[in-house]
Amino acid sequence: MRPHHRTLRILGSLLLVAMGVSMTGAAPAQAASPTPLDRVIPAPTSVAPGGSPYRITRGTHIHVDGSREARRVAEYLAAFLRPSTGYRLPVTEHGAGGIRLRLAKGPFGAEGYRLDSGRQGVTLTAAGPAGLFHGVQTLRQLLPAAVEKDTVQPGPWLVAGGTITDSPRYGWRGAMLDVSRHFFTVDQVKRYIDQLALYKINKLHLHLSDDQGWRIAVDSWPRLATYGGSTEVGGGPGGFYTKADYREIVRYAASRYLEVVPEIDMPGHTNAALASYADLNCDGVAPPLYTGTEVGFSSLCVGKEITYDFVDDVIRELAALTPGRYLHIGGDEAHSTSHEDYVKFMDRVQPVVAKYGKTVVGWHQLTGATPAKGALAQYWGLDSTSAEEKARVVKAAQSGTGLILSPADRVYLDMKYTKDTPLGLSWAGYVEVRRSYDWDPGAYLPGVPAGAVRGVEAPMWSETLENSEHIEYMAFPRLPGVAELGWSSGASRDWERYKVRLAAQAERWNALGIGYYRSPQVPWDSAGR
Ligand code: ACM
């Protein structure tokens, strides 16, 4: 064999390897055929495959129109693609072809988009930047999972040809993180935000106060954070967000098109506040800090005026930090507050939220008082919740209270999957992956008008969860299913098909370093084959 032939052979082999093609016919490291357009979670509204794929190459540019918002999303996309592709991917306002992000009038709504892919390029079109951002998440899922890595990968970076048109079923697609039972740092919250954004979640509800810890600085009542935030379940050091920390979370969430919904839980779940200020207690005696996991033993003193000074100050300062529309006032498990006091308290506190320009959200026990006009109630009942309690929620919905659905035996991400799950609780039962996905928010509470359901939210309570690894094991693989219930039309819900799309996500989680529960209900090993 003459040398230059040998060189050509080697080059040819390298090329084939680079394309993910194996000489021996064994499974390639990375499939060279692109991910089908319908392999996305949440399922898009409509998918029309066809035509040639687009291939991102060293020469690809990301084109934007002149708007600052489109450019910001384009920079996010470029920053995401550069490490694994190793390409420059300049963002430019000139030229054609490549990846294009366009803002244009169209039937997309505030969060929808269209993705057109073909040999010449991929174009995302949306009416607003949130739509472009969600379209970018779809594009991300259409690329090989190795795109998630932070070192250069071989590619090829193919996007299947065709068109996706997509917009959400519900405007509220939330996830809640309990930062009170265990405190999570700003970086841990950001990590979760990035995982939520991948599935088009648009609300981050932060449970900022509870018996075990007060987690947000309040200038007018400084001991709430410095003392009330000084421990957590199990007696660890706890922590709290300074106002700068909280603003950073809000900013980061907004950069991923999530709105932060802060919660101060009242009048129960308030031991950390009561421990911080003796005057807030009816008997004037501050209880000790609490590091256990019981609920229902604490209450603000409904009959004392100082309670309302406290509430006004806290809501004023929190509202000033929060650009979003909503402020959650809790209201659950107020077992140490009489019904009469509960109603009185909510009648006084809801107008304070309105005074500072926010809309009330409360756990569904709020429907046992008089929800303010425009208030939203977050339903966290179970199949076994009493008919009377459900009827109260249904009646409130019929009278105009919007509902966020978080049924605990479906979407509480801290529930164990099975009896063998090492983390989590089981008071609402075991919640395997199918159970968390296979229900219809639109028909969940019979008698609720369709328009009253504003969406779904997956709470993550942290009695047993101490770090990101714990959060991720409980969120994955259930979180993408809740995201799909919030985004995709009810008609597309099909467990048999969904579980295949879900299995295909595992490679992405592996690339992202997300440890997940390998549910036997999901055909992991068939994914993508
Ligand atoms: C709740 O789970 N207590 C809202």
- Message: With a 4.0 Å cut-off on N to O distance, would you call Asp116 and Arg114 a salt bridge?
- Response: yes
- Query: Which class fits the ring pair His63 and His61: parallel under 30°, tilted 30 to 60°, perpendicular over 60°?
  - Reply: parallel
- Check: Arg435 and Asp409 side chains under 4.5 Å, non-hydrogen atoms: yes
- Task: Report the C-alpha separation of Asp438 and Lys499 in whole Å, then their side-chain angles, then the decisive distance to 0.1 Å, and conclude whether the salt bridge (charged side-chain N to carboxylate O under 4.0 Å, His left out) test is met.
- Result: CA-CA 11 Å; Asp438 213 358; Lys499 69 182 183 186; over 6 Å; no
- Message: If you take the centroid of each ring, where Trp contributes its six-membered ring, are Tyr257 and Phe133 closer together than 6.0 Å?
- Response: yes
- Task: With rounding to the nearest 0.5 Å, note down the distance linking CZ in Arg140 to CG in Leu77.
- Result: 10.0 Å
Report, one line per pair, each donor and acceptor closer than 3.5 Å where one atom sits in a side chain of residues 447-460; sequence neighbours left out.
| residue | atom | partner | partner atom | Å |
| --- | --- | --- | --- | --- |
| Arg454 | NE | Gly451 | O | 3.4 |
| Glu457 | OE1 | Trp172 | NE1 | 2.9 |
| Glu457 | OE2 | His205 | ND1 | 2.6 |
| Glu457 | OE2 | Gln378 | NE2 | 2.9 |

- Check the pair Tyr379, Thr367 against side chain to side chain donor-acceptor pair (under 3.5 Å), reporting the backbone distance first and the verdict last. CA-CA 10 Å; Tyr379 181 76; Thr367 63; over 6 Å; no
- For Lys243 and Glu317, indicate whether the former's side chain and the latter's backbone hold a donor-acceptor pair under 3.5 Å. no
- Closest non-hydrogen atom pair, Ala70 against Val64: O-CG1, 3.7 Å
- Can you check whether Gln398 reaches Val394 side chain to side chain, under 4.5 Å on heavy atoms? yes
- Answer yes or no: does atom CZ of Arg119 have more than 12 heavy-atom neighbours from other residues, nucleotides or ligands under 6.0 Å? no
- Minimum side-chain heavy-atom gap Leu204-Leu258 below 4.5 Å: yes
- Query: Do other residues, nucleotides or ligands put more than 12 heavy atoms under 6.0 Å from Glu75 CD?
  - Reply: yes
- Task: Could you give me the CA-CA distance, side-chain angles and deciding distance for Asp166 and Thr45, then say whether side chain to side chain donor-acceptor pair (under 3.5 Å) is met?
- Result: CA-CA 5 Å; Asp166 202 9; Thr45 311; 3.1 Å; yes
- Task: Report the distance from atom CD of Glu93 to atom OG of Ser67, rounding to the nearest 0.5 Å.
- Result: 8.5 Å
- Item | Test side-chain contact (heavy atoms from CB on, under 4.5 Å) applied to Leu81 and Val136, Leu139, Val147, Thr60, the passing residue | Val147
- Message: Using a 6.0 Å cut-off, check whether atom CZ of Arg497 has over 12 heavy atoms from anything other than its own residue.
- Response: no
- Is a donor on one side and an acceptor on the other found under 3.5 Å between the side chain of His182 and the backbone of Ser462? yes
- With the side chain counted from C-beta on, respond yes when Asn510 and Tyr516 share a heavy-atom pair under 4.5 Å apart, and no when they do not. yes
- Please step through side chain to side chain contact (heavy atoms under 4.5 Å, CB included) for the pair Val152 and Thr85, ending with a clear verdict. CA-CA 6 Å; Val152 177; Thr85 62; over 6 Å; no
- Query: Is the Lys NZ or Arg CZ of Arg478 less than 6.0 Å from the centre of Phe476's six-membered ring, within 45° of the axis?
  - Reply: no
- Item | Criterion side chain to side chain donor-acceptor pair (under 3.5 Å) on Thr125 and Arg102, from CA distance to verdict | CA-CA 5 Å; Thr125 311; Arg102 288 177 62 230; 3.2 Å; yes
- Item | Residue list, side chain to side chain donor-acceptor pair (under 3.5 Å) with Arg316, at least two apart or on another chain | Asp313
- Task: For residues Ala126 and Gly112, report the shortest heavy-atom separation together with the two atoms involved.
- Result: CB-O, 3.4 Å
- Query: Where do Phe184 and Tyr192 land on the ring-ring contact (aromatic ring centres under 6.0 Å, His included) test, with the steps shown first?
  - Reply: CA-CA 10 Å; Phe184 297 95; Tyr192 198 42; 8.8 Å; no
- Does any non-hydrogen side-chain atom of Tyr444 lie less than 4.5 Å from one of Asp440? no
- Under the 3.5 angstrom rule, does the side chain of Thr421 hit a backbone N or O of Leu423 as a donor-acceptor pair? no
- Query: Do Arg82 side-chain atoms and Leu89 backbone N/O form a donor-acceptor pair below 3.5 Å?
  - Reply: yes
- Task: Kindly indicate whether the side chain of Arg72, heavy atoms from C-beta on, has any atom under 4.5 Å from the side chain of Ser255.
- Result: no
- Identify the heavy atoms of Arg191 and Leu512 that sit nearest to each other, and give their distance. NH2-O, 3.8 Å
- Query: Under 6.0 Å from the NZ atom of Lys149, do we count more than 12 heavy atoms belonging to anything else shown?
  - Reply: no
- Item | Neighbour count >12 (heavy atoms, 6.0 Å) for atom CZ, Arg251 | yes
- Rounded distance (nearest 0.5 Å) linking atom OG1 of Thr138 with atom CD of Gln141: 6.5 Å
- Glu111/Arg173 under salt bridge (charged side-chain N to carboxylate O under 4.0 Å, His left out): CA gap, chis, key distance, verdict: CA-CA 12 Å; Glu111 294 191 290; Arg173 305 178 307 280; 2.7 Å; yes
- Item | Check: Tyr498 ring centroid to Tyr437 ring centroid under 6.0 Å | yes
- Item | Option among Tyr417, Trp509, Trp524 that satisfies the ring-ring contact (aromatic ring centres under 6.0 Å, His included) test with Tyr517 | Tyr417
- Donor-acceptor pair, side chain of Thr242 and main chain of Asp245, under 3.5 angstrom: yes
- Task: Please name all residues satisfying side chain to side chain contact (heavy atoms under 4.5 Å, CB included) with Asp38, sequence neighbours left out, ordered by chain then number.
- Result: Pro36, Val47
- Message: With heavy-atom distances below 4.5 Å as the criterion, would you say the side chains of Thr401 and Leu376 are in contact?
- Response: no
- Assess Arg71 against Tyr76: is NZ or CZ under 6.0 Å from the centre of the six-membered ring, and within 45 degrees of the ring's axis? no
- Message: Once rounded to the nearest 0.5 Å, what's the spacing between atom CG of Leu206 and atom OG of Ser180?
- Response: 11.5 Å
- Measure the spacing between OG1 of Thr123 and CD of Gln120 and express it to the nearest 0.5 Å. 10.5 Å
- Task: Classify the angle between the aromatic ring planes of Trp363 and Tyr412 as parallel (below 30°), tilted (30 to 60°) or perpendicular (above 60°).
- Result: perpendicular
- Separation between NZ (Lys203) and NE2 (His328), nearest 0.5 Å, reads 13.0 Å
- Test side chain to side chain donor-acceptor pair (under 3.5 Å) on Thr322 and Tyr246 and set out the steps. CA-CA 9 Å; Thr322 302; Tyr246 181 83; 3.0 Å; yes
- Message: Can you confirm whether Met474 sits close enough to Met415 that some side-chain heavy atom of one is under 4.5 Å from a side-chain heavy atom of the other?
- Response: no
- Arg501/Glu484 salt bridge by N-O under 4.0 Å criterion: yes
- Donor-acceptor pair, side chain of Lys358 and main chain of Gly324, under 3.5 angstrom: yes
- Query: Short question: side chain of Gln521, backbone of Glu432 - any donor-acceptor pair under 3.5 Å?
  - Reply: no
- Check: Ser436 side chain, Val411 main-chain N or O, donor-acceptor pair, under 3.5 Å: no
